[in-house]
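Below is one structure; the comments refer to it alone.
Below, all heavy atoms of this structure are taken into account, side chains as well, without hydrogens, waters or symmetry copies. Below, chains carry the letters A, B, ... as their sequence lines are ordered, and counting in each starts from 1.
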Amino acid sequence: MNEIPNHYEPKEIEDRIYKYWQDNQLFSAKVNPAKKPFCIVIPPPNVTGILHMGHALNNTCQDILIRLKRMQGFASLWMPGTDHAGIATQNVVERQLAKEGLKRQDLGREKFLERVWLWREQYGLTIIHQLKKLGASCDWARERFTMDGEYSEAVKEVFIRLYQKDLIYRGNYIINWCPRCQTALSDEEAPHREVEGKLYYIRYPIRETRKGNIPDFIVVATTRPETILGDTAVAVNPKDKRYKNFIGQTVIPPLVEREIKIIADDMVDMKFGTGAVKVTPAHDPNDYALGKKHNLDFINIMNYDGTLNFSAGEYQNMDRFEAREAIIEDLNERKLFEKIEPHKHSVAHCYRCHTVVEPYLSWQWFVRMKPLAKPAIEAVKNSKIKFYPKRWTKVYLNWMENIRDWCISRQIWWGHRIPVWYCRDCGLKSGKIVEVKSGPPGYTTSYTILDPKPLVGYIRPDKCPDCNSANLLQDEDVLDTWFSSWLWPFATFGWPIQELKATQRTQELKYFYPTSVLVTAPEIIFFWVARMIMAGFEFIGKEPFKDVYIHGTVRDIEGKKMSKSLGNIIDPLEIIAQYGADALRFSLISITSTGQDVYLSEEKFELGRNFANKLWNASRFSLMNLDLSLVNIDLCVFFEKEKLELPERWILSRFYSILGRLNKALDNFRFNQAANILYEFIWHEFCDWYLELAKPILVTRSPGYQVTSQSKNTQIVLYKVLEKTLRCLHPFMPFITEEIWQKLRATSYLPAGRQASAGVTSIMTQPWPHIQKQMVDKDVESRMQLAIDLITAIRNLKSQVKLPQSQNVKVTIVVKDKKTVRILDETSKYISYLAKLDNLDIRSERPAGIKSISSIFKKTQVLLELEGVIDIEKEIEKLAREIGAITADLKSKESRLKNKEFLQKAPQEVIEREKELVTVNKEKLAASSKILDELKK
RNA sequence: GGGCGGUUAGCUCAGUUGGUUAGAGUAUCACAUUGACAUUGUGAGGGUCACAGGUUCGAGUCCUGUACCGCCCACCA
């Protein structure tokens, strides 16, 4: 086994192992009535996506669960796929076109879509390859794409069903418009960001003055002066005494040939600005409401691209921000500009291109959300669906209970086209379809359709039911990407086609739905999680998943979100190349506390790398010293644990102790805790103590080597613990555990007959270790712990006198307690070996006249005898300090034990422990004082 | 304006029903080194658990308030 390299080299191993898993279809999950299902649907990454640390964390969590459940005997399915990401993907392809000097309109819709599909074929699977690098054990045969033919049928089906239930409608409302992407956005797609804006105070001249005490203008405050051009009223609060006489007056908005009224409405906040507000119903949601209420005109002043339109008069074709500047200048000239104030406020931005979003009045399709939200609220309230950590429940419910209708139409080309047709003949004739040229000359005509009476269907209708015309026009818009992703947990199983074909697909949906856990980031709760829950109840009648695990956001070391524009990205693939996928996974998981954001820097991956290397070398050591023909799991003879030596019984007990804690942590999605339990066990128990104790038994050349009849047991126990530990670690570090396990498994040692029947073997398909309570022995653990503590105490003493640890010394342990003496008899050989002692003397009294330094540990006193080396003065000083500390501690404990309330109210075991400590401390104190006296002589 | 999270060692963070002397990783220092591993080993130093009150026999942990940092939501003209 000397050919095993003494450093773990992930590069050579990972690709080979991943191929082995795939070649043997180990990720595949099938309906199996004998097993319970466990299913996770992947949050489908965008086809434009490249793997970032957020993905790495997200998918590592999922892979841990999937691999764990697979080992635990579930039919464990991880459903993979990608999202077509309408706006994002269209933007990417448009940028590509721009390099060729083209716009999408130059190609036309069909050709453009061909280009997008081509792009998808070329680059769209990048992220899938990257997930494989990470070790994701998805059932790749099932990979889905939200634009797949089958999936698109599901989207259409859903649209039609909702339309038929009157849960989808078309209407002319103020929506969020991105002038750069030139499409409507949902509220969630237009997040608000705080900006340092300005508040402009502007004078609106009053047409006539009835009473002399009114000045000849009213001042309004606005952050968007360009919208003056669309003003159709000025509003004040009816309770506002300042403006009592203004109500009903006519004013002339600056720069506009128009007369508008001053109206009164409670909505106006008297404390803000001047208490008078300009009303632009076509460009502000509040003003829109006022406009409806007071029957105002709606004047749209803007083109799709954010330039001003013909309603803007001399400002036509100016960009909205240019126009703002120009207008302020002109107002200044006309003495209608009062003042300007800095004003912090939050402004909606496009979530794709970060352009400032414009509230824009337009015809769009909406989903009525209140009825859909009802069962989705119920399900979370009665814990049918649980959030981990719990606090997200409140966030979810708060959003759900205040849900607003969802704008689902997008004015882009890449996506599911809305399955709606209009009649061009009777529509145009009745003036309900208006043709508008929105772009520069030569561009495709776009249609503004005003008539909300569409023909909704699965396929294009032959003719118009009203006028029999075949001249039909399909709605130009496509659906919001999230209108397809919200169907992910069931559309990926072929819904609704499976309803028509009562095939295997139906069974699969029945078997795997509701899925088990959804693992995702908080940013996506509203976009996706909430909507999936609504869709699940609406279309399947059941929740889409039982648990929602929300992990934190990955940030850079300064707490900033990682993003390309900030240049603070740590590329997971580079980390994989440098440290290995296992190191990436383990590091990420260990430093991510449940639900807490992760602050990442590159050196944090050394944790995982070092750990992988440690495990590799511990295994290497084991493989060098194990007789695999003896210890192979299939040949393992039954052994009685009573016949084992203490270290063997100890490590077995420790393993089964941590297994319980590990299971509990995993059940509660405490991944970091689980990882730390394994790290601690492997490094600081298995390697630091057990392997060290096994050396003199296994390694002939080891200094303490002794032939013992126990060596066979040692081998078996070492093998067993290592093999089971590898299984426990496998979900976290799949590659290295498989590689070592295969070496350890050494199938060549299997008898010929067994080899053939064994078939494909992989740690992936091994059972998760079972709890064995009888192996946990707290008494064994405490006996071994005493030895460990004494060894540490001796090493500490050596360090105090600056002796190398390898220096053999004489030690006396003074102990009166008979039970402890017995334990020491059992463990003295381990203590002598690991603490490197020439001689270990166990006595009941401190030998008179020896010069030594000492350490007092519980009831035992450890003396290190070093003729001539001892610095008596220093030792006296140290003892005096110790005596002071013990005395103080004793004092507080004794007073606590005198406190009646403490004795009455504290649990018995706490009181016992305190009493015990008082006795121990008293003995310590006595011993220390005695030594002090002796030394002083 | 509302909600949520954070504040613990120089740094990054654990700490699950309140109970011995508050832990890890990392950095620092000392010592070690030829057979598992320098991606190592053995030790050491380093903390008023943000602050102020309160509940309790007992508070890093529970309650109230304050400060600072961060995030989310809201029709902040």
Side-chain angles (χ1 to χ4, degrees), chain A residues 2 4 6-8 174 191-192 194 197 199 220-224 227 235 267-269 272-274 276-280 284-289 343-346 359 389 391-392 394-395 398-399 402 522-523 525-526 552-553 555 557 559 561 579 583 590-591 593-597 599-601 603-604 606-607 609-625 664-665 668 670 672-673 676 679-680 687-688 691-692 695 699 701-702 792 795-796 798-800 802-807 885 889 893 896 899-907 909-911 913-914 916-917:
Chain A
N2 287 329
I4 300 175
N6 69 353
H7 282 103
Y8 176 55
I174 297 256
H192 288 250
E194 191 113 304
L199 193 59
V220 303
T222 180
T223 53
R224 295 188 295 156
T227 60
M267 253 175 81
V268 180
D269 179 358
F272 189 90
T274 60
V277 59
K278 58 191 271 322
V279 184
T280 320
D284 183 276
N286 280 326
D287 296 3
Y288 176 83
H343 179 59
K344 220 188 229 178
H345 62 145
S346 75
R391 64 170 185 272
W392 295 108
K394 211 171 153 185
V395 176
N398 183 49
W399 186 78
N402 297 294
E523 298 97 87
I525 292 178
F526 307 141
T553 306
R555 299 172 184 284
I557 203 72
K561 222 164 161 173
Y579 299 89
S590 339
I591 63 176
S593 184
T594 319
Q596 229 45 57
D597 287 354
Y599 295 80
L600 213 52
S601 63
E603 62 266 20
K604 292 200 173 175
E606 288 169 9
L607 167 83
R609 180 199 57 183
N610 295 356
F611 181 52
N613 192 57
K614 186 74 181 178
L615 176 69
W616 181 258
N617 277 295
S619 307
R620 177 167 171 263
F621 167 80
S622 305
L623 283 160
M624 286 191 307
N625 295 293
K664 206 177 149 200
N668 292 304
R670 310 285 298 246
N672 70 317
Q673 201 177 32
N676 292 338
Y679 179 94
E680 194 63 26
C687 292
D688 286 355
L691 286 187
E692 291 306 321
K695 270 180 187 172
V699 186
R701 282 163 300 186
S702 164
T792 307
R795 287 170 174 168
N796 194 329
K798 281 190 190 177
S799 178
Q800 265 177 46
K802 303 221 187 290
L803 272 185
Q805 293 296 337
S806 54
Q807 175 89 49
D889 190 59
K893 286 201 165 57
R896 196 176 304 166
N899 187 327
K900 274 181 202 158
E901 280 186 291
F902 174 72
L903 294 173
Q904 251 168 28
K905 289 176 186 168
E909 54 175 68
V910 174
I911 297 172
R913 211 163 35 216
E914 291 287 299
E916 166 82 12
L917 278 168

Checklist entry - If you check every side-chain atom of A906(A), which of G19(B), U42(B), C4(B) has the closest atom? => result G19(B)
Checklist outcome for this item: In terms of heavy-atom contacts, P359(A) and R224(A) come closest through CD-NH1, 3.4 Å
Next on the checklist: I need the CZ-P distance between F611(A) and U26(B), as an integer number of Å.
Outcome noted: 13 Å
Next on the checklist: I want to confirm an ordering. Mapping N672(A) and T792(A) to their closest nucleotides on RNA chain B, which one lands closer to the 5' end?
Outcome noted: N672(A)
Checklist entry - When we call it a touch if two heavy atoms are under 4.0 Å apart, what does F526(A) touch: a base, just sugar-phosphate, or nothing? => result sugar-phosphate
Next on the checklist: Classify V279(A) by what it touches in the nucleic acid, base, sugar-phosphate, or nothing, heavy-atom distance under 4.0 Å.
Outcome noted: nothing
Next on the checklist: Does E606(A) reach a base, just sugar-phosphate, or nothing at all? Heavy atoms under 4.0 Å.
Outcome noted: nothing
Checklist entry - Does a side-chain N or O from K614(A) land closer than 4.0 Å to OP1 or OP2 of U39(B), or not? => result no
Checklist entry - What distance, rounded to whole Å, do you find between the two C1' atoms, one in C4(B) and one in U42(B)? => result 45 Å
Checklist entry - Given that both distances must come in under 3.5 Å, which nucleotide forms a Watson-Crick or G-U wobble pair with A52(B)? => result U64(B)
Checklist outcome for this item: Regarding the side chain of N796(A), the nearest nucleotide among G43(B), A77(B), G3(B) is G43(B)
Next on the checklist: Using atom P in both nucleotides, what's the gap between G58(B) and A74(B) to the nearest angstrom?
Outcome noted: 46 Å
Checklist outcome for this item: In short, Y579(A) meets E606(A) closest at the heavy-atom pair CE2-CG, 3.9 Å
Checklist entry - Can you tell which of A36(B), A77(B), U26(B) lies closest to the side chain of N610(A)? => result U26(B)
Item to check | Proximal nucleotide (of U39(B), U20(B), G15(B)) relative to the R913(A) side chain | outcome: U20(B)
Item to check | Nearest heavy-atom neighbours spanning N672(A) and S590(A) | outcome: CB-O, 3.7 Å
Checklist entry - Can you find a pair of side-chain heavy atoms, one from V395(A) and one from F526(A), that are under 4.5 Å apart? => result yes
Next on the checklist: Only pairs with both distances under 3.5 Å count, Watson-Crick or wobble alike; so what is the partner of G5(B) in this structure?
Outcome noted: C69(B)
Checklist entry - Looking only at atom types and distance, does a side-chain atom of S619(A) sit under 3.5 Å from a main-chain N or O of L615(A), one as donor and one as acceptor? => result yes
Item to check | Same-atom distance (C1') from A22(B) to G60(B), integer angstrom | outcome: 7 Å
Item to check | Sugar-phosphate only, base, or nothing, as touched by D597(A) at under 4.0 Å among non-hydrogen atoms | outcome: nothing
Item to check | U28(B) to C69(B) separation - C1' atoms, rounded to the nearest Å | outcome: 28 Å
Next on the checklist: Can you measure D688(A) atom CG to U42(B) atom C1' for me and round it to whole angstrom units?
Outcome noted: 10 Å
Checklist entry - Using a cut-off of 4.0 Å on non-hydrogen atoms, how would the nucleic acid contact of K900(A) be classed: base, sugar-phosphate, or nothing? => result nothing
Checklist entry - Quantified in whole Å, what is the P atom distance between nucleotide A32(B) and nucleotide G46(B)? => result 23 Å
Checklist entry - Taking the P atom of each, how far is C76(B) from G2(B), in whole Å? => result 14 Å
Checklist outcome for this item: Assert: residue with more 5' nearest nucleotide on RNA chain B, out of I591(A) and W616(A), is I591(A)
Next on the checklist: Considering every strand and a 4.0 Å limit on heavy-atom distances, what is the contact class for P804(A): base, sugar-phosphate, or nothing?
Outcome noted: sugar-phosphate
Item to check | hbond_proxy Q807(A) side chain to A32(B) base (donor-acceptor, 3.5 Å cutoff) | outcome: no
Checklist entry - Any side-chain N or O of R620(A) under 4.0 Å from OP1/OP2 of U39(B)? => result no
Checklist entry - Is Q596(A) touching bases, backbone alone, or none of the nucleic acid, heavy atoms closer than 4.0 Å? => result sugar-phosphate
Checklist entry - Taking a pair as Watson-Crick or G-U wobble with both distances under 3.5 Å, which nucleotide is matched to C57(B)? => result G19(B)
Checklist entry - Looking only at heavy atoms, which two atoms of F902(A) and R896(A) are closest? And how far apart? => result CD2-O, 3.3 Å
Item to check | Nearest-neighbour nucleotide for the R795(A) side chain, A36(B), A14(B), U42(B) considered | outcome: U42(B)
Checklist entry - Mind checking who U26(B) pairs with, Watson-Crick or G-U wobble, both distances under 3.5 Å? => result G10(B)
Checklist entry - Does OP1 or OP2 of C4(B) have a side-chain N or O of R391(A) closer than 4.0 Å? => result no
Next on the checklist: In whole Å, measure the gap between the P atoms of G47(B) and G41(B) for me.
Outcome noted: 26 Å
Item to check | Residue H345(A), side-chain heavy atoms: nucleotide from C57(B), C76(B), A36(B) that is nearest | outcome: C76(B)
Checklist outcome for this item: Correct closest heavy-atom pair for L607(A) and I591(A) would be CD2-CG2, 4.5 Å
Next on the checklist: With rounding to the closest Å, how many angstrom separate the C1' atoms on U12(B) and G6(B)?
Outcome noted: 14 Å
Item to check | Among A74(B), G19(B), C37(B), the one nearest H192(A) by side-chain distance | outcome: A74(B)
Checklist entry - Touch check for P522(A), heavy atoms < 4.0 angstrom, all strands: base, sugar-phosphate only, or nothing? => result nothing
Item to check | salt bridge (Lys or Arg N to Asp or Glu O under 4.0 Å) assessment of E692(A) paired with K695(A) | outcome: CA-CA 5 Å; E692(A) 291 306 321; K695(A) 270 180 187 172; 3.2 Å; yes
Next on the checklist: The side chain of N6(A) is closest to which nucleotide in this list: C76(B), G19(B), C37(B)?
Outcome noted: C37(B)
Checklist entry - For U12(B), does OP1 or OP2 lie under 4.0 Å from any side-chain N or O of K604(A)? => result no
Item to check | Counter-base of U34(B), judged by Watson-Crick or G-U geometry with both distances under 3.5 Å | outcome: none
Item to check | Which nucleotide in A36(B), U39(B), A74(B) has an atom nearest any side-chain atom of L691(A) | outcome: A36(B)
Checklist outcome for this item: Side-chain contact check for Y599(A): nearest option of U12(B), C76(B), G19(B) is U12(B)
Next on the checklist: For a quick test of reading the model: is some side-chain N or O of K893(A) closer than 4.0 Å to OP1 or OP2 of U21(B)?
Outcome noted: yes
